[in-house]
Visitor: 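What follows is a structure written as C-alpha cells; I'll ask about it next.
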Amino acid sequence: MNEPLKIGLAGLGTVGCGVIRMLDQNNGEDIARKLGRPLKVTAVCARDKNKDRGVDISGYSWFNTPEELAKSGDIDVYVELTGGTDGPALEATKIALKRGLDVVTANKAMLAVHSTVLAKLAEENGCALLFEAAVAGGIPIVKSIKESLSGNSIQRVYGILNGTCNYMMTAMQNEGKPFDEILKAAQDEGYAEADPSFDVGGIDAAHKLALLTTLSFGTETSFDDIYIEGIEKITPEDIKAADDLGYRIKLLGVALKTDEGIEQRVHPTLVPSESAIGQVSGVTNCVCVDGDYVGKVMQVGPGAGEGPTASSVVGDLIETARIDKSANVKKTVFSMPVDKLAPYQRAPLKAHEGGYYVRLNLSDRPGTFAAVATRMAEFGISLESIVQRSHGTETDEKVDAAGVAAAPVVIITHDTTEQAVSEALKAIEEDGHIVGQPNMIRIERL
Ligand SMILES: NC(=O)c1ccc[n+]([C@@H]2O[C@H](COP(=O)([O-])OP(=O)(O)OC[C@H]3O[C@@H](n4cnc5c(N)ncnc54)[C@H](OP(=O)(O)O)[C@@H]3O)[C@@H](O)[C@H]2O)c1
C-alpha cells in the first residue's frame with residue numbers, strides 16, 4: 001500500500017465530523033482498496049477542543065486556528081469546513097494554497113465571493129481546489145459540468161438550490177399555512193436555522209448559483225450581480241392560486257445566457273406542477289443544465305446534511321489522492337484556466353423575457369377588471385388568463401380608499417418583458433383601482 005494522503009480538517013461541525021465518520025469508522029478500508037492508498041485525517045482544528053463531537057479526535061494533531069493548521073500541519077490536503085465568506089476561512093485557504101497544498105472545501109460563501117482570487121492562487125501554485133460539496137451538497141454537479149458536459153455550449157443552468165426553502169414551499173403547499181407558521185415548524189424540526197435569513201432570503205442559493213454560472217459559462221464569478229428575492233412574500237393564496245392554474249412555486253436559481261449578457265437570478269418561480277422540477281419536494285435539491293448537444297439534463301438529490309455533504313468532500317479527497325504531483329499536469333479549478341475566464345457581463349433584469357403571475361386586490365367596482373386588462377394591453381402584454389379569486393384569509397378585510405371591498409384577481413401573462421410588466425403594474429397602481437401592492441412572480445420556461 002502506498003503512502004496515505006494526509007488530511008487536515010478545519011472545522012469539526014456537521015460536515016467535518018461526517019468526513020471523519022465516513023473515513024475512520026465506515027468506508028475507509030474500501031476507499032484505500034480502490035485508491036491503493038489510505039485517506040488519513042492527521043490534523044484538525046475547531047474553536048473548542050473539549051467539545052463532545054461524538055467522534056474520537058484524540059489521535060489527530062490539534063490546531064487552535066485554521067491559519068495555524070494550514071501553515072504548520074503535517075498534511076497533503078487542507079479541507080476548509082469552518083464556513084464564512086472572509087476571516088480565518090479565507091486566510092487559511094490562501095495560506096494552504098501558497099504552501100502548495102491541495103484544498104477541498106464545502107464553503108460556498110467564501111467561493112462565491114473569492115473564487116477568482118483563490119483559483120488564481122491554486123493554479124499559480126499547481127494545487128487542486130475542489131468544491132463539489134459547495135454546490136447542492138451531495139449532487140455531483142460540479143464534476144458533471146466541469147468534465148462530462150464540458151463539450152457542450154450551455155445555454156442555461158438552474159435548479160432548486162436550497163433545501164430549507166423547498167421544504168417550506170412544499171409544506172405551505174401541503175398544509176395551506178402561512179410563511180411564519182411554516183418557518184417556525186421548520187425551525188422546530190431542524191430544517192431551518194435559528195437565523196433563517198441566508199436560506200429564506202435566497203442568499204445561500206445565490207452562492208451556489210454564482211459557482212454554477214462560472215462553471216457553465218466560463219465567466220468570472222460575480223455574486224454581487226445576482227438578482228436575489230427570497231420566499232418571504234409568498235402567501236398561501238399565491239400557492240393555492242398557482243396550484244389551481246397548474247403551477248408550483250419554487251425558489252429557483254437561474255443563470256441564462258442572453259444576447260445582452262448573462263442573467264443570474266434567484267427568486268420564487270412558477271413551474272408547471274407536472275414538470276420534473278415541479279415534482280421535486282421537501283429538502284431535496286435539483287440542478288438542470290440545458291446544453292446544445294446533450295439537451296436537458298437534470299440531477300436530483302440531497303442538497304445538504306452530514307452524509308451527502310461528506311460524500312462530496314470525500315469524493316474530492318479521493319480525486320486529490322489520485323493526482324500525480326510529479327506529472328506536472330496543469331489543474332484548472334473551473335472548466336478552463338482562470339486566466340481564460342471572461343469578465344462577467346450582466347444582462348439587465350428589465351430585459352428578462354418570460355411569463356408572469358400577478359395577484360392584485362382589485363376594487364369591486366364596475367369597469368376595474370377591464371381597466372386592468374386595458375393597461376396591460378397598452379404595454380404590449382397579452383394575457384393567458386385573468387381570474388377573480390375568492391377571498392383568502394389574508395385578503396378578507398381589504399377595502400379601497402372609498403370603502404369599497406377589494407377582490408383578489410390573478411393574472412397570468414404570455415411571454416413579455418420584465419420592464420413591460422413593471423411599468424404596467426405601476427400604471428395600474430396609479431389608476432387607483434387596486435388595494436395594496438401587487439404580488440408578481442416570474443414563470444420559468446422549461
Ligand atoms: N451542513 C451542511 O449540510 C452543509 C452543506 C453544504 C455545505 N456546507 C458548508 O460546509 C461548511 C461547514 O458547514 P457545517 O454545517 O459543518 O458547519 P458547523 O456545523 O457550523 O461547523 C463549523 C465548524 O467550524 C468550526 N469553526 C468555525 N469558526 C472557526 C474558527 N474561526 N476557528 C476554528 N474553528 C472554527 C466550528 O468549531 P466549534 O465546533 O468548536 O464551534 C465547527 O466545528 C460551511 O461552509 C457550510 O456552508 C454545509
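All values below were derived from every heavy atom in this structure, side-chain atoms included, with hydrogens, water molecules and symmetry-related copies excluded. Order of listing sets the numbers, starting from 1, for every ligand and every atom in it.
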Visitor: Between the side chains of N107 and T105, is a donor N or O closer than 3.5 angstrom to an acceptor N or O?
Guide: no
Visitor: Kindly write out the residues that satisfy ring pair (Phe, Tyr, Trp, His ring centres under 6.0 Å) with F198, not counting sequence neighbours, or none if the list is empty.
Guide: H207
Visitor: Look up atom NZ in K250 and atom OG1 in T170, then write down how far apart they are to the nearest 0.5 Å.
Guide: 4.0 Å
Visitor: How many angstroms lie between OH in Y158 and CG in L256, if you round to the nearest 0.5 Å?
Guide: 10.5 Å
Visitor: Regarding D238 and N439, do their side chains bring together a donor and an acceptor under 3.5 Å, going by distance alone?
Guide: yes
Visitor: Between the protein and ligand 1, which nitrogen or oxygen pairs come in under 3.5 Å, and how far apart is each?
Guide:
residue  : atom   : partner : partner atom : Å
ligand 1 : 3 (O)  : G305    : N            : 2.7
ligand 1 : 16 (O) : T14     : N            : 3.1
ligand 1 : 16 (O) : V15     : N            : 2.9
ligand 1 : 19 (O) : T14     : N            : 3.0
ligand 1 : 19 (O) : T14     : OG1          : 3.4
ligand 1 : 28 (N) : R47     : NH1          : 3.4
ligand 1 : 34 (N) : R47     : N            : 3.4
ligand 1 : 37 (O) : R47     : N            : 3.2
ligand 1 : 39 (O) : K51     : NZ           : 2.9
ligand 1 : 39 (O) : R53     : NH1          : 2.7
ligand 1 : 39 (O) : R53     : NH2          : 3.4
ligand 1 : 40 (O) : R47     : N            : 2.9
ligand 1 : 40 (O) : D48     : N            : 2.8
ligand 1 : 40 (O) : R53     : NH2          : 2.9
ligand 1 : 41 (O) : R47     : NE           : 3.1
ligand 1 : 41 (O) : R47     : NH2          : 3.1
ligand 1 : 41 (O) : K51     : NZ           : 3.3
ligand 1 : 43 (O) : L12     : N            : 2.9
ligand 1 : 43 (O) : G13     : N            : 3.1

Visitor: Just checking, is any N or O donor in the side chain of E263 or Y227 under 3.5 Å from an acceptor N or O on the other one?
Guide: no
